[in-house]
Q: 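I'd like to ask some things about the structure below.
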4 protein chains.
Amino acid sequence: MNFNHTLEAFNRISEEKRNKIFDAAINEFAEHGYESANINNIALKAEVSIGSMYKYFKNKEELYLAIIHFGVESLKGILEEIICSEEDLLGKIEKIIRVIQSYSRSNVNLTKLYNQMTNENHSGLVWEIVSDMEGVTAKLYASFIKEAKDAGKVRNDVDEKLFAYFLDNLFILLQFSYSCEYYKERLKMFVSEDIFDKDDLVAEQLMKFIRGAFFLE
Amino acid sequence: MNFNHTLEAFNRISEEKRNKIFDAAINEFAEHGYESANINNIALKAEVSIGSMYKYFKNKEELYLAIIHFGVESLKGILEEIICSEEDLLGKIEKIIRVIQSYSRSNVNLTKLYNQMTNENHSGLVWEIVSDMEGVTAKLYASFIKEAKDAGKVRNDVDEKLFAYFLDNLFILLQFSYSCEYYKERLKMFVSEDIFDKDDLVAEQLMKFIRGAFFLE
Amino acid sequence: MNFNHTLEAFNRISEEKRNKIFDAAINEFAEHGYESANINNIALKAEVSIGSMYKYFKNKEELYLAIIHFGVESLKGILEEIICSEEDLLGKIEKIIRVIQSYSRSNVNLTKLYNQMTNENHSGLVWEIVSDMEGVTAKLYASFIKEAKDAGKVRNDVDEKLFAYFLDNLFILLQFSYSCEYYKERLKMFVSEDIFDKDDLVAEQLMKFIRGAFFLE
Amino acid sequence: MNFNHTLEAFNRISEEKRNKIFDAAINEFAEHGYESANINNIALKAEVSIGSMYKYFKNKEELYLAIIHFGVESLKGILEEIICSEEDLLGKIEKIIRVIQSYSRSNVNLTKLYNQMTNENHSGLVWEIVSDMEGVTAKLYASFIKEAKDAGKVRNDVDEKLFAYFLDNLFILLQFSYSCEYYKERLKMFVSEDIFDKDDLVAEQLMKFIRGAFFLE
DNA sequence: AATGAATGAGCATTCATTCAT
DNA sequence: TATGAATGAATGCTCATTCAT
């Protein structure tokens, strides 16, 4: 969670260069996965010498983790904003869906990376970084569901933790559906070739699905 | 979709050897990902010479695709059986959930591979193989939902294709939750450490979630 | 001490190639020391692909140890022959001196390597290989001295183990004096520029030195 | 031999800093050998910027040579003191042995470096620095032996130059036996594990060895 | 004068693939 | 047909050295 100890050198360079490095790294890792991502390539694309690269990051793994950390922080920020807003549960859910649609489209590589991440054998270290975020969402979702349940709006017999999990699953795959080739093809096959021009329809239907799942009436 | 052209040599060897090769390959690919998987290693574990390996499969990619093909066929068989059974929609859904729980536990590596697959840059070729299966499920789900809708059991305002998609999303992530490290940790974090001892609870709650999403009353 | 386990592949190739590899490796290690010896270079000089090199030896260290092993065995063979000969102590010593003069001249690089070896931080593993030989010499020298002492030929107040050590020290530095640049210069400085043309003088004087050290009258 | 030309900058800094740099460099070179020694590391340990390091020493080699120079000067001082003392030959020899025992124990790294030095390909340059000292010892030893010979104390048939060489060889290896891992192990193997607790025995026996080698009676 | 960030050549090692037997 | 030895391109990482500040 706390990376700043090793990244001193990296944090000292200009923001422009930092972003260039992150961009290059996110692309490379998202495109090729951890193992076949090529650090010399990242350096080349970011117009930074390999030597510098290794001044900024101890090794490939640390760079990878830093990227993940960056991506997660970025996502966390957005989620927190929504979740802490004044909306009610349904309002929040709708907002999340909309944000997923726009965010995963404009951060294709970051989202691909998130999918990659679920495969890597680095799970241990990666999980340390991500669990933080997942933990927050898990708890918030569950508490909102609990609230709604107590208010009599949600059926009494639901396990709020599991329902939170199913809900987040729907969000995750929605995210991937807007960024990862495979899932994009799959969505097109399930629905239609022009589904990516119908964000409103997707949002509306997913809302309906979720509303039905949760709410009485 | 049709692989037999190149796989003549492979199909001619004993089933036992074929299975040994598949086992070794599935493990290696699932464990290390496409790029880091080591063909010489697979040959070693399968007790086959590398020379033979390259007689059976033109190159790494073809082996990978053959493995995916094999995995997908295995899954397709199971799904088809359920989907073509006499149960009604809810009955089928329950069966699928139960099968996912047992299948992904006893075929951990194959399921991991399925997750891997969604990342690789081979998406194009992979998709050719898998689209077949996804196409079948997509159509079947949609038709069943249509049926139920026409029968007045499912709300009228649902887009059956999108609902089929959401439904399958829930299934996919359930599958991963029982086999991929990352998703396993995530499920534990959302619910509890002992969630993997409570398959009935998970199945029951997921049924509830889906039933609510789809059905009137 | 037993290396054959890992060196199967290496032992299977033609003796000619094996010798070429050893020669190249001995030269490289003797010339540059362990750290800056370049394996790609050794492969090049030995006209073997790097890939093969790594089939024969797991890594740089194993190659190094194999070389040391080879050198030590070669030396051990010669020493054993002398030590087990029928000569008396003085006769053996003279033979050893003569052998050192010829051996270290015709195996310059192997002898340089022996000097290198005393510096490397691999001491641990290296020592395992060499201790064997050193142990043998140590014991043999000591026993011969003991014998001579018991026979009244050698003074009674000598510690045979320490005397064996001093004796071997004289041999070691004699060896280096015929192969290592530094020690060669040093010998020339102590005696004269043309000392390397006077092997008989060196041998005779060293005999005198040692005889005096050991023997009564 | 004369280094001061390039070392102006270095000689201008405080003695404390100079010593810190020497200490760090001696450790690094002794520990890792010339090639693997890391100048950036030396700078770090000596708390000097790399930039300054390269102001003081043109490059790695010059730093190395400066270190050798320093070490040799230190040793030369001690030897000269002994050699010019009023003792007779045997007295001097005993003093030298004692000094070797204490000096090589308290200057382990410098002594290691001396061993390193005999291997490096820098022999040429190194020799320039050291020959000075070796030349002095060579001449002094020889002259003392000559003296003793003329005085009838030493046998008439010895070549004083070669005997001086053998004598110095014994000293050199004694030195290494107290500081270099390899030679330490070797001494333990020849004599006993606890030999390093028996300096008096070693000194006494070496005296006996040398006395016998040189002296009538 | 002093600094230390930046550079990039260089090296150990891996592994997909070929091909002679 | 089957083998497995041989190949060599490719890549992560280090470190001596430079030079702008």
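To find a chain, count down the sequence lines: A is the first, B the second, and so on, and within it residues start at 1.
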Q: Rounded to the nearest Å, what distance is computed from the NZ atom of residue A/Lys55 to the C1' atom of nucleotide F/dG12?
A: 16 Å
Q: Rounding to a whole Å, what distance do you find between D/Tyr54:OH and F/dC15:P?
A: 12 Å
Q: For DNA chain E, which residues in residues 12-43 of chain B have a heavy atom at a distance below 4.0 Å?
A: B/Ala37, B/Asn38, B/Ile39, B/Asn40
Q: Could you run through DNA chain F and flag its stems, i.e. three or more consecutive Watson-Crick or G-U pairs with both distances under 3.5 Å?
A: E:2-21 with F:2-21
Q: Rounded to whole Å, how long is the line connecting atom CD of C/Glu47 with atom P of F/dT7?
A: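 In whole Å, F/dT7 P lies 11 Å from C/Glu47 CD.
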Q: Mind calculating the distance between CG (A/Leu44) and P (F/dT11) to the nearest angstrom?
A: 12 Å
Q: To the nearest Å, give me how far apart CE (B/Met53) and P (F/dT1) are.
A: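 Going from CE in B/Met53 over to P in F/dT1 covers 17 Å.
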Q: Donor-acceptor pairs under 3.5 Å, side chain of residues 24-31 of chain D to any protein atom, not counting sequence neighbours: which ones?
A:
{"residue": "D/Asn27", "atom": "OD1", "partner": "D/Asn109", "partner atom": "ND2", "Å": "2.5"}
{"residue": "D/Glu28", "atom": "OE1", "partner": "D/Lys45", "partner atom": "NZ", "Å": "3.0"}
{"residue": "D/Glu28", "atom": "OE2", "partner": "D/His32", "partner atom": "ND1", "Å": "3.4"}
{"residue": "D/Glu28", "atom": "OE2", "partner": "D/Asn38", "partner atom": "N", "Å": "3.0"}

Q: Please find the pair of heavy atoms, one from C/Met117 and one from C/Tyr64, that lie closest to each other, and give the distance.
A: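 Here C/Met117 and C/Tyr64 meet closest at CA-OH, 3.6 Å.
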Q: Want to settle it: does B/Glu61 or A/Ser52 sit nearer the 5' end of DNA chain E, counting the closest nucleotide to each?
A: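 Its nucleotide being nearer the 5' end, the pick is A/Ser52.
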Q: Considering non-hydrogen atoms only, spot the tightest contact between C/Lys55 and C/Ala9 and give its length.
A: O-CB, 3.9 Å
Q: Would you grab the first and last nucleotide of DNA chain E (5' to 3') that comes under 4.0 Å of any non-hydrogen atom in chain B?
A: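 The protein-touched segment is E/dC15 to E/dT18.
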Q: Within this structure, what is the CD1-to-C1' distance between C/Ile50 and F/dT11, rounded to whole angstrom?
A: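 Nearest whole value for this atom pair: 12 Å.
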Q: Would you mind telling me which of A/Asn115, A/Asn119, A/Thr118 makes a side-chain hydrogen bond (donor to acceptor under 3.5 Å, both in side chains) with B/Thr118?
A: A/Asn115
Q: Mind listing the closest non-hydrogen atom pair of B/Ile39 and B/Met53 along with its distance?
A: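 Answer, listing the atom of B/Ile39 first, then B/Met53: CG2-CG, 4.1 Å.
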Q: Grab the two heavy atoms, one from D/Val72 and one from D/Ile129, that are nearest each other, plus how far apart they are.
A: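 Nearest heavy atoms, D/Val72 then D/Ile129: CG1-O, 4.4 Å.
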Q: Taking for each residue the nucleotide of DNA chain F with the nearest heavy atom, is it C/Gly51 or B/Val48 whose nucleotide lies nearer the 5' end?
A: B/Val48
Q: Within this structure, what is the CG-CD1 distance for the pair A/Asp23 and A/Ile42, rounded to the nearest 0.5 Å?
A: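 Spacing of CG (A/Asp23) from CD1 (A/Ile42) equals 11.5 Å.
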Q: Could you tell me which non-hydrogen atom of A/Val130 sits nearest to which non-hydrogen atom of A/Ile68, and how far apart they are?
A: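 Closest pair (atom of A/Val130, atom of A/Ile68, distance): CG2-CG2, 4.0 Å.
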Q: Would you kindly give the CD-to-P distance between B/Glu8 and F/dA2, to the nearest whole Å?
A: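 Interatomic distance, CD of B/Glu8 to P of F/dA2: 13 Å.
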Q: For C/Lys20, what residues pass the salt bridge (Lys or Arg N to Asp or Glu O under 4.0 Å) criterion, not counting sequence neighbours?
A: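 Here the qualifying residues are C/Glu47.
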Q: So, applying ring pair (Phe, Tyr, Trp, His ring centres under 6.0 Å) with B/Phe22, which one of B/Tyr56, B/Phe10, B/Phe57 is it?
A: B/Phe10
Q: Run the ring-ring contact (aromatic ring centres under 6.0 Å, His included) test against A/Tyr54 and tell me which residues pass, sequence neighbours left out.
A: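 So A/Tyr54 forms no ring-ring contact (aromatic ring centres under 6.0 Å, His included) with any residue.
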